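Reviewing the structure listed below.
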Amino acid sequence: MAASDPNKLMAKADKLTKLSLTRWSADWKSATVLYEQAANAYRVAKDYEKAKEAFEKASKGQEMISSPWDAAKHMESAGALAKDLGKWNEVADFYRRASELYIVCGRSQPASDALARGARALEDAKPDEAIQLYTDACAILEEDGREQMAFDLYRAATSAYVKLEKYTDAAAFLLRLGVAADKCNATNSQCKAYLSAIIVYLYAHDFKQAEKCYNDCSQIDAFLRSDQSRCASKFLSAYTEGDIEEIKRLAQSSTISNLDHTIIKLARKLPTGDLSGLKTDDSKDQEEPLDENDLT
């Protein structure tokens with residue numbers, strides 16, 4: 001049937017949106033219905049490139065008739081098709097635009113979810129872009145005071161950083177999760193995040209930063225009294241003493257087993273470097289004269 005021919009539907013819709021001597025105003029309402037029909041027909045026919053273009057035009061149509069929610073949905077459909085086509089730059093753009101349209105609707109959760117879907121689509125092909133989308137998704141929820149809904153996003157970003165071997169960034173994101181958990185009174189998640197950050201620093205063989213992280217987190221009473229704090233303290237002691245067997249034993253403990261899979265994998269590979277210098281470095285630090293200007 002001619003009516004179901006997506007090419008003819010697109011041509012008819014395009015005609016309705018173009019102004020001419022005989023058409024002084026665009027009929028976006030009628031055109032949008034045709035774009036949607038064409039998009040679905042192209043998708044069924046597995047013509048993903050044309051389906052993507054049709055969904056993009058359908059989204060524009062919904063926007064023009066003041067329906068940003070439906071416009072966002074069509075943008076997400078276009079994003080999913082761009083992923084199938086391997087057009088990674090377009091994937092990010094479509095999901096970002098969908099998120100913006102959900103924000104217009106005043107809906108922070110779907111706006112964050114759209115960015116997260118885009119991030120998952122990009123994790124393998126463009127991990128740096130995926131991390132940026134995860135970060136922006138977290139920020140949307142943080143601004144709306146809905147940090148608890150972002151916990152999985154913090155973890156996903158951390159995992160992506162670890163894959164890229166950007167351990168300082170991974171630890172920083174875990175500390176950000178800890179702060180968010182604190183705001184939600186999610187003490188267990190907070191303590192796990194802080195221990196996880198210390199594990200990441202140890203895996204990166206940055207003992208000084210792991211120690212500093214532990215000392216900073218220990219200013220928080222909830223962490224100081226936790227199993228996670230005791231586990232971290234034992235790790236640092238074992239490192240200082242150069243006790244490889246104790247480090248391996250701690251990595252198998254139930255406290256570690258209750259962390260996220262990404263962190264468990266790192267912990268089970270500890271220690272990652274030579275421990276012989278830690279004792280010497282520690283004693284040197286103790287012998288350094290006090291700086292009277294440093295009151296911290």
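What you see is a predicted model, and the numbers here were worked out from it, not measured in a lab.
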Strictly below 4.0 Å, N to O, side chains only: are [X] and [Y] in salt-bridge contact?
X      : Y      : value
Arg117 : Glu76  : yes
Glu36  : Lys57  : no
Arg176 : Glu147 : no

For a quick check under 3.5 Å, do [X] and [Y] share a side-chain donor-acceptor pair by atom type?
X      : Y      : value
Glu211 : Asn215 : no
Asp136 : Gln132 : yes
Ser196 : Arg155 : no

Please check: side-chain N/O of [X] versus main-chain N/O of [Y], any donor-acceptor pairing under 3.5 Å?
X      : Y      : value
Lys192 : Asn258 : yes
His74  : Ala54  : no
Ser218 : Tyr214 : yes
Ser112 : Ile140 : no
Ser253 : Arg249 : no
Thr17  : Asp14  : yes
Ser67  : Glu63  : no
Ser233 : Ser229 : no
Asp260 : Thr262 : no

Ring centers of Tyr201, Tyr167 separated by less than 6.0 Å:
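Not under 6.0 Å, so no.
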Residues that Tyr102 engages under ring pair (Phe, Tyr, Trp, His ring centres under 6.0 Å), provided they are two or more places apart
Trp69
How about Arg146: does its CZ atom have over 12 heavy atoms from other parts shown lying under 6.0 Å from it?
yes
Centre of Phe94's six-membered ring, under 6.0 Å away, within 45 degrees of the axis: is that where NZ or CZ of Arg97 sits?
no
What is the ring orientation for Tyr194 with Phe223, classed by angle as parallel under 30°, tilted 30 to 60°, or perpendicular over 60°?
perpendicular
Compare every heavy atom of [Y] with every heavy atom of [X], then report the nearest pair and how far apart it is.
X      : Y     : answer
Arg43  : Tyr48 : O-CE2, 3.8 Å
Ala114 : Tyr95 : O-CD2, 3.2 Å
Ala31  : Leu16 : N-CD1, 3.9 Å

